[in-house]
Each structure stands twice: as C-alpha cells, then as structure tokens.
Amino acid sequence: VRESGTAARVFELLDQRSFAELSGDANPLHVDRVAARRSLAGEVVVHGIHALLWALDEWIAEREGLVEIERLDVEFLRPMPVGDCVRVSDAGSGANVAALEIQSTDATLATIACTFASASGSMSSGVVDEVPPVSSSRPLAADQVRACRGTLPLMRPATSARRMFPHLADKLSARQFAALLASTRMVGMECPGLHSLFSELHLRRAQTPPEGLTYEVRRFDQRFGLTTIDVCGGDLSGTVLAFLRPAPQSQARSADLRQLVAPSEFSGQRALVVGGSRGLGEVLAKLLAAGGADVLLTYCSGEEDARAVVADIVDAGGRASCARFDVTEPDAAPGDFVPTHLYYCATPFISAGTAGTFRQDAFERFREFYVTGFSRTLARFDNPAMQGVFYPSTVFVDAPAPGMSEYAAAKSEGEAVCASLEQQRPGLRVVRPRLLRLATDQTLSVGPSVRHDPVPVLLAAARTLAA
Amino acid sequence: MTNGLEQQVRTVVAAIMRLTPDDVGADASAQTVRGWDSLNHLKLVLALEEEFGVTFTEEQIVQMLSVSKITSVVGQLLSAR
C-alpha cells in the first residue's frame, strides 16, 4: 500500500525465501520457522537489507534517472517479524536525500539516510547476473569471527531483482545493488554467519577493486559479540556492525543429571511434560526420567528437538517418548497416555514490550498459552490417578520488569487457575513457583545478563510435587 | 561535579533512546524510559564508554539500569584514574 510519503506492507515467508535466493543470505533466522524459534528473536525476521531495499525502492519510485549511492547510513534497531505490518515513512527527505524510518505499530525498527548522486550508466561491469550458489551459514565461534576476512563476488540476478525491487533495479547502479546484496550474504552466511544479527551499515561511494566485496573484521567486542567489519566493493566502502548472537541454549545431558537424582525418587510417576522439546520442559523431562518416571514429552513444532531429548534420556537408561501437542488446538491431544503428573511448560516466544505500554495483542497471545491452553490441557488429561500439577509462574508477578507486564499479567491469571484447581480437587498437589530468569532460549541476550541454572530450581520443584 | 556528570549521562541516554534530554529525568530508569530494551541498553553502554573513555565490566553492565546507577558507576571509574 502506498500513499504520499509513506508505504506499508507485510513481509511474508515467501518474500523472505525469494530474497534469500536473490541475495544468497539463507540464514535460518530469516527463512526457517522451526530454527528461528530458538533464536534471540524467537521467530522468523526480515533481512535488514531486504527491508532497506524495499524502503529505497518505494522512495525512488517517483524519481527519474539513474543514480549511485553517495553515502548510506542505516541502523536496524529492532527485529522485524515476518507477518507483521510495517510502514516506511519519510523523515525529512530532500531532492537527493532519502531520510526514512521503517516502523511497526509501536516502534521504530530501522532508520535510513541515503544520499544519491546522478549516474551516467547502469554500472554493471563485474556484476554476475546469476543467483548466488546455495550454501549453509557458517557456525563461527568468537575466535573465528575475530580473524574473519574474505571476498564475495558481486551477484545480482537481474530478473529476480527487477521482480522484487522494480524501481531500484532500473535506476540504481548494478554494482552498488550487488554490493548491498553481498553485505547481507556476508553477515548471514559468512561473518559472523549462522548466529548473526545485522545492526548497522555505513557506506560511502568510493573507487574499489573490481573483484567483489572484500571484508575484514576490524574489532570484536567479546562482551556483546559486537563485530565491526570493514567492507569494500561495488563502488562502496565503509563499515558493517553485526552481533555474534548467542546460539540456542543447550541444557544438561541426562547422563550428567543422573548424578543429582536418586534412581527411584520419581518412580511410579507417569509424567506428561507439555512443551518438553527444549528449555524448562526439557530439563524436567530429563530429571524425572533420571528418577525413574515414565515420561511423555510433547512438542508443538520442534519434532527434531523433541526426538533428540528422548534419545538422550533413553541413552542414559530412562523411559521417554514424545508426541505432538499444540495447546492452542486441544482436539489434537496425544492418544492414550494417562498421566499421574502434569508439568505444563508450553509457551509462546516471550517478547518484551516497551516500558510504559501494555500490548493487548501480546497479552492475548500469552493468555492463550498460560490460561486457556493450560485449562484445556487440564480438562483433557485430568483423571482420577492425577496427583500433581506443575505450573511455572514468574518472579515478574512480584517484581514488575520493563516491558514484561503482559507476560506477568497472563501468568498471574494462570496462577488463579491453579488456585481454583486446588480448591476443586482436594488432595491434588499444585506447585506454581514464581521462577527467576532461568537459562533457556527465551532469556538469551546479546549483552551480559543475569540468568540462573534451571536444574536445581526445577529439581526442587519436582521434589516438592513428589513429596 | 555529580550534577554535571549526571547531566552528561542523561544526554547520552536521551540520544540512544531517541528522546530529548528533558524527557530523561534524574530518576529515569529502564522501568520508566520508553525504548530502554536490551539492544538499546547495549548501545547505551557503548555510547557511554565512548563519551567518558571508560570500559565497563559485565557485572557493571547488568547493574546500569538507571541514570543514578550509571552516574555512580561512571563516577567511580573516573575517580579511579
């Protein structure tokens, strides 16, 4: 949708895949829902350069003539989720200067300042008119990132470029267009690679060698994984800032957890662990199985993760199986397992909001899992043999944290469901601890943060429930 | 000295959070300032390091969630020079 000075759109997964093919940046963060759910962003997010090229394409649509970028400064402020409506607004553009902001309904996601100069031709020499070869993102560690350097060919498949960005493909220097595509390929696939997050781009027009986009890490700040990369190619020279973000949070192995648990302390339990493919549910499943419980862990989309947890438990001598169960679709509950204990760890991505605002849509999403989904799961699995229910609440109910009010409010309602359950079912033990920030995918951060080991916390809760 | 330092801190906080210095009071914190999320906190830390020529430890970084705490930490680092 385009109006005067502003345009809006929704980036869909299909658009993302097209851009991945065009640019060669097929980082799972941008194209793979299952993998992206374990990232810092918690969901598939739009390539920053994809959003940039769209914004510039909109800006240049009503302007005439061939252009080159004289200078370009871009900051990607927040991840841009696929499926959300975003808007590009003019923030004081001039005749040759695009000053733009990309915004969601409640936040600025990116700022762009781009100065153009007239160009005399299409400037396509040295640019390969082909899609980049398919490859995998490099999973680099900090020491490897620190020493990273290389050269990427300038590639701009003309047909795809024209289909996705028709105005820019016709008017912007092909070499510079290709250099921008190479920059996202560098960040997402090469350096920092698999666990990257594109943060800033600062480029100036320059005379550059013809062989492609060369890059070299100039500075690496270990505290944040902040990587400063010098880039040069396609008549542009400057700096890219990207984060080496943390990898998905791995949890303790069953073989190690067996040292902490008596072999029969949970024997006789038929434990249903809802949301057991990772995080708190994964740790609980392993602890319970180490103590002799018969575990059924459920997953919503992470079948591969769930099977890996089961294999880890079985390899260590425990009993476990897994089944798909989406708590938002209660009719699809797994078959004939009759639990004695329910451990309810289902959760959506816990996105933090902005201090001082309350996002009704986020609250409803949390509520769907922590209240409605919990109630439905209870209704589906309750039986005369049920002895205990574990419901992880949050310390944010007691101590509000910025941007977490929707989450805390939904957890608080879930606690009320627990209280009601206890009243209706004397003899049923319900444990609902208000947990600190524990080390899971949900609490990953680019900077230093305080996170606690989930093992002792969950083992204590499981023992309370079993007592 | 402290007031001058605090004013400098408030100016840096405002620049990173895209606010005017008047929007960032002496009692401002991550609890009250719109946009003070984890990514902006990181940018704030880097901007403060550049502004004052100091380097924060990871322990200090996780504590620096208000103007008063930042002022206190920066003040300590500057006087330890």
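Lettering follows sequence order; numbering is per chain, from 1.
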Side chain B:Q31, main chain A:G403, donor-acceptor under 3.5 Å: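 No: the side chain of B:Q31 does not pair with the backbone of A:G403.
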
Can you tell me how far apart OG (A:S445) and CG (B:D37) are? Round to the nearest 0.5 Å.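 It comes to 10.0 Å.
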
Value rounded to 0.5 Å, distance of CG in A:L40 from OG in B:S38: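 One finds 6.5 Å between CG of A:L40 and OG of B:S38.
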
Output the option from A:S199, A:A401, A:S449, A:P448 having the highest count of non-hydrogen pairs under 4.5 Å with chain B.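 Looking at each option in turn, the highest pair count goes to A:P448.
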
With a 4.5 angstrom heavy-atom cut-off, could you sort out which part of A:S405 is near chain B: side chain, backbone, both or neither?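 Interface part for A:S405: neither.
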
Would you please go through residues 220-230 of chain A and name the residues with a non-hydrogen atom below 4.5 Å from one of chain B, in numerical order?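 If one takes a 4.5 Å heavy-atom cut-off, the residues of residues 220-230 of chain A near chain B are A:D221, A:R223, A:F224, A:L226.
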
Might you confirm whether atom CD of A:E364 has over 12 heavy atoms from other residues, nucleotides or ligands at distances under 6.0 Å?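 Enclosed.
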
Other residues, nucleotides, ligands: >12 heavy atoms within 6.0 Å of A:R146 CZ: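 Enclosed.
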
Worked verdict on B:N40 versus A:R78 for side chain to side chain contact (heavy atoms under 4.5 Å, CB included): CA-CA 9 Å; B:N40 274 341; A:R78 309 191 87 175; over 6 Å; no

Could you tell me which residues in residues 41-53 of chain B have at least one non-hydrogen atom under 4.5 Å from a non-hydrogen atom of chain A, sorted by residue number?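 Expected list: B:L42, B:K43, B:V45, B:L46, B:E49.
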
Any salt bridge between A:E101 and B:R18, counting N to O under 4.0 Å?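 Looking at B:R18 together with A:E101, the answer is yes, because their closest N to O distance falls below 4.0 Å.
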
CA sep, side-chain torsions, deciding dist, call: B:L39, A:L77, side chain to side chain contact (heavy atoms under 4.5 Å, CB included): CA-CA 8 Å; B:L39 202 56; A:L77 304 171; 6.0 Å; no

